[in-house]
Amino acid sequence: MEKIRSVRGMHDLLPDRAPLWQRVEDEARALFERYGFREIRTPIVEHTELFRRSIGEVTDIVEKEMYTFLDRNGDSLTLRPEGTAGVVRACEEGGLLNQVQRLWYRGPMFRHERPQKGRLRQFHQIGAEVFGLAGPDIDAELLALTARLWRALGIADRVRLEINTLGGAADRARYRETLVAWLGERAERLDPDSRRRLSTNPLRILDSKDPGTQALLAGAPRLLDFLDAEDRAHFEALCTLLDELGVPFRVNERLVRGLDYYTRTVFEWTTDALGAQGTVCAGGRYDGLVAQLGGRPTPAVGFALGVERVVLLLEEGGQDAQLPPVDAYLAGVPEAGGRLLVLAEWLRDRLPGLRLMTHCGGGSFKSQLKKADRSGARFALLVGPEELSTSTVTLKPLRSDEPQRTLPVEAVVAALASHLPHAGERHGGPSGRRTAV
RNA sequence: GUGGCCGUAGCUCAGCUGGUAGAGCACAGGAUUGUGGCUCCUGAGGUCGUGGGUUCGAGACCCAUCGGCCACCCCA
């Protein structure tokens, strides 16, 4: 029988690597809560039209990277290639846009690209969107939030921030025309990719990697010269705020985004530790998008980070996360039968914070103890014939030379509670996870 | 989508100019008749990514295909 494998570019997260993901997700979630953001979850599948209207018809994402299919009733649906469009749609539909919203989300996104390091067909983003605030202060706060996240994760030294402003839609359109005209007269000096983009997505030529094209661009018209006074003021205010916040950044005039909906502020956190896929987190302002999707004009700004890329950065930095092992492993002779499970439940009732694994599947006493050791547990709880007849349990320390003790069950609870301070607490909650790093 | 390199046990890899598969780790059992870790012994596990071709014979060579990595492209 031929084995079925995962779809190309769509990976499993196996348990050994899960703690690293949990670390990123937990830190992000905790930070969002500290900044007053609320979580929103939207469907993975949306009407194709939503992405055509928001991302832009002629972008690569819409033209050749979307997972689009016909529903049974003939509707064209698409696996979301990014998160912003769905969030805007949901907020509009849920009537949330009559007031300021600070929202965050996380989840899988889908793009049919050629997989490589840091680029998958199903990948995961954690993102934020803020609606109803037009000023540069919220732009700056979002960047302060992300900067804090890198510090919390210990990767602040490997990412750097680049920012730029794209101005309003009208100014950008004027600039685009001018740029296309100017480059069109010099098309023979452009690399083939850039020549193609001249008619599709001319602004993207600005961040071409081709040296010849870059040299040519040195003399090209600048977007900055097409901005109106308000756009400039917004950008300058943002730069000042970032200075005051102590968030280092570099202005990159050539920084443009691949999605059509951005206006004014755009930014990218990049690294050179990941090869070609160096963008770890990116976003910007999209003041026109809500209206473009049929809502009232609403200023908005947001960002998304690539979870896989951040996890890769953590791993490159030698970081390794492990879930804490269990506290105790309960093993017993076959005659104990169901009493083992009953005892385990009894213990869990009394010690809500106790991480207790019960031996299942039989096997020799010796092999059970071996499994207890491999589990990483600090204690083995042993139930043999003697313990059965006297209603006791033997508490055997596995990580020290202390002698084992055979105790009445109530005394076992007390002993575990005194050795494991967290055992009596009810754990869970936003930051309740104890991840050893 | 384009180009280059690669694909042997769960993992990391060895396998000389083609003669028909190996190590370490991990896993299971035992040495140790209720007691783990260290050591030693034993065992299980691979149609050598898949399918064709060349050959008396292919893990090694050729082609295709799938997958991975890297760059382009794209972007988080």
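Every chain is numbered from 1 and lettered A, B, ... according to where its sequence line falls, protein lines coming before strand lines.
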Using the P atom as the point on both nucleotides, what is the distance between B:U50 and B:A21, in whole Å? 16 Å

Taking the side chain as every heavy atom from C-beta outward, state whether A:Val333 and A:Leu388 have any atom pair closer than 4.5 Å. yes

From CG of A:Asp373 across to P of B:C38 the rounded distance in Å is 8 Å

Can you see if the side chain of A:Arg374 gets near the phosphate of B:C27 - specifically, an N or O under 4.0 Å from OP1 or OP2? yes

Just the rounded figure in Å: distance from C1' of B:G1 to NE2 of A:His112. 9 Å

Atom-pair distance (CG on A:Asp60; P on B:U2), nearest Å: 15 Å

If pairing requires Watson-Crick or G-U wobble contacts with both distances under 3.5 Å, which nucleotide is the partner of B:A64? B:U50

Counter-base of B:C38, judged by Watson-Crick or G-U geometry with both distances under 3.5 Å: none

Assess A:Arg186 against A:Trp182: is NZ or CZ under 6.0 Å from the centre of the six-membered ring, and within 45 degrees of the ring's axis? yes

Just how far, in rounded Å, is P of B:G1 from CZ of A:Arg197? 19 Å

With rounding to the nearest 0.5 Å, note down the distance linking CG in A:Leu274 to CD in A:Glu315. 10.0 Å

Taking atom C1' in both B:G10 and B:G52, what distance in whole Å separates the two? 30 Å

Does the base of B:G34 carry an N or O that pairs as donor and acceptor with the side chain of A:Glu335 under 3.5 Å? no

I need the CG-P distance between A:Leu330 and B:G36, as an integer number of Å. 18 Å

Please figure out whether A:Asp191 or A:Ala304 has its closest RNA chain B nucleotide nearer the 5' end. A:Asp191

Check whether any side-chain nitrogen or oxygen of A:Arg399 sits under 4.0 Å from OP1 or OP2 of B:G36, and answer yes or no. no

Between the side-chain atoms of A:Arg119 and the base atoms of B:C73, is any donor-acceptor pair under 3.5 Å? yes

Looking for any heavy atom pair under 4.0 Å, which part of the strands does A:Gly278 touch: base, sugar-phosphate only, or nothing? nothing

Is the distance from OP1 or OP2 of B:C73 to the nearest side-chain N or O of A:Lys209 less than 4.0 Å? yes

From B:A71, B:G37, B:G34, nucleotide with atom closest to A:Ala276 side chain: B:A71

Does the side chain of A:Gln116 get closer than 4.0 angstrom to OP1 or OP2 of B:G68 through an N or O atom? no

Watson-Crick or G-U wobble mate for B:G1, both contacts under 3.5 Å: B:C72

Could you give the distance separating B:U55 and B:C13 at their C1' atoms, to the nearest angstrom? 29 Å

Mark yes or no for a side-chain to base donor-acceptor pair under 3.5 Å between A:Lys366 and B:U35, with no hydrogen or angle criteria applied. no

Whichever of A:Glu268 and A:Gly384 has the more 5' nearest nucleotide on RNA chain B, that residue is A:Gly384

By the 4.0 Å heavy-atom rule, please label A:Val383 as base, sugar-phosphate, or nothing. base

Record whether the side chain of A:Gln368 comes under 3.5 Å of the base of B:U35 through a donor-acceptor pair of N or O atoms. no

Find out whether A:Val280 and A:Glu268 are in side-chain contact, i.e. whether some heavy atom of one side chain is under 4.5 Å from a heavy atom of the other. no

Whole angstroms only, please: what is the CZ-P distance between A:Arg196 and B:G1? 15 Å

dist A:Arg309:CZ -> A:Thr271:OG1 (nearest 0.5 Å) comes out at 11.0 Å

Quick one: which of B:C69, B:G30, B:G34 gets closest to the side chain of A:Lys117? B:C69

Value for CD1 (A:Ile138) from OG1 (A:Thr265), rounded to nearest 0.5 Å, stands at 11.5 Å

Taking any heavy-atom pair under 4.0 Å as a contact, classify A:Gln277: base, sugar-phosphate, or nothing. base

Proximity to the side chain of A:Glu386 - top-ranked nucleotide from B:G34, B:G67, B:G36: B:G34

So, does A:Arg8 get its side chain near the phosphate of B:G67, meaning an N or O under 4.0 Å from OP1 or OP2? yes

Side-chain atoms of A:Ser367 come closest, of B:G29, B:G4, B:C74, to B:G29

If I pick the C1' atom on B:C74 and the same atom on B:C70, what distance separates them, to the nearest angstrom? 16 Å

Using 30° and 60° as the class boundaries, would you call the ring planes of A:Phe37 and A:Phe32 parallel, tilted or perpendicular? tilted

Candidate nucleotides B:U35, B:G37, B:G67, ranked by approach to the side chain of A:Lys396 - the nearest: B:U35

Under a 3.5 Å cut-off for both distances, is B:A14 Watson-Crick or wobble paired, and to whom? none

Rounding to an integer number of angstrom, what distance separates B:U17 and B:G49 when you compare their C1' atoms? 26 Å

For A:Lys64 and B:C74, is the shortest distance between a side-chain N/O and OP1 or OP2 below 4.0 Å? no

Can you check the A:Asp193 CG to B:C73 P distance for me, whole Å? 6 Å

Between B:C41 and B:G57 - P atom distance, rounded Å: 41 Å

Looking at every strand, decide which applies to A:Thr394 at a 4.0 Å heavy-atom threshold: base, sugar-phosphate, or nothing. nothing

Quantified in whole Å, what is the P atom distance between nucleotide B:C40 and nucleotide B:A23? 15 Å

Using atom C1' in both nucleotides, what's the gap between B:G1 and B:C62 to the nearest angstrom? 27 Å

Applying side chain to side chain contact (heavy atoms under 4.5 Å, CB included) between A:His124 and each of A:Val307, A:Leu305, A:Leu13, report the one that passes. A:Val307

Could you identify the nucleotide paired to B:G43, looking across every strand shown and requiring Watson-Crick or G-U wobble geometry with both distances under 3.5 Å? B:C27

Mind checking whether A:His112 and A:Tyr67 have parallel, tilted or perpendicular rings, split at 30° and 60°? tilted

With a non-hydrogen cut-off below 4.0 angstrom, is A:Ala372 in contact with a base, only sugar-phosphate, or nothing? nothing

Atom CG of A:Asp16 to atom P of B:C27: distance rounded to whole Å? 12 Å

Which part of the nucleic acid does A:Gly127 contact within heavy-atom distance under 4.0 Å: base, sugar-phosphate only, or nothing? nothing

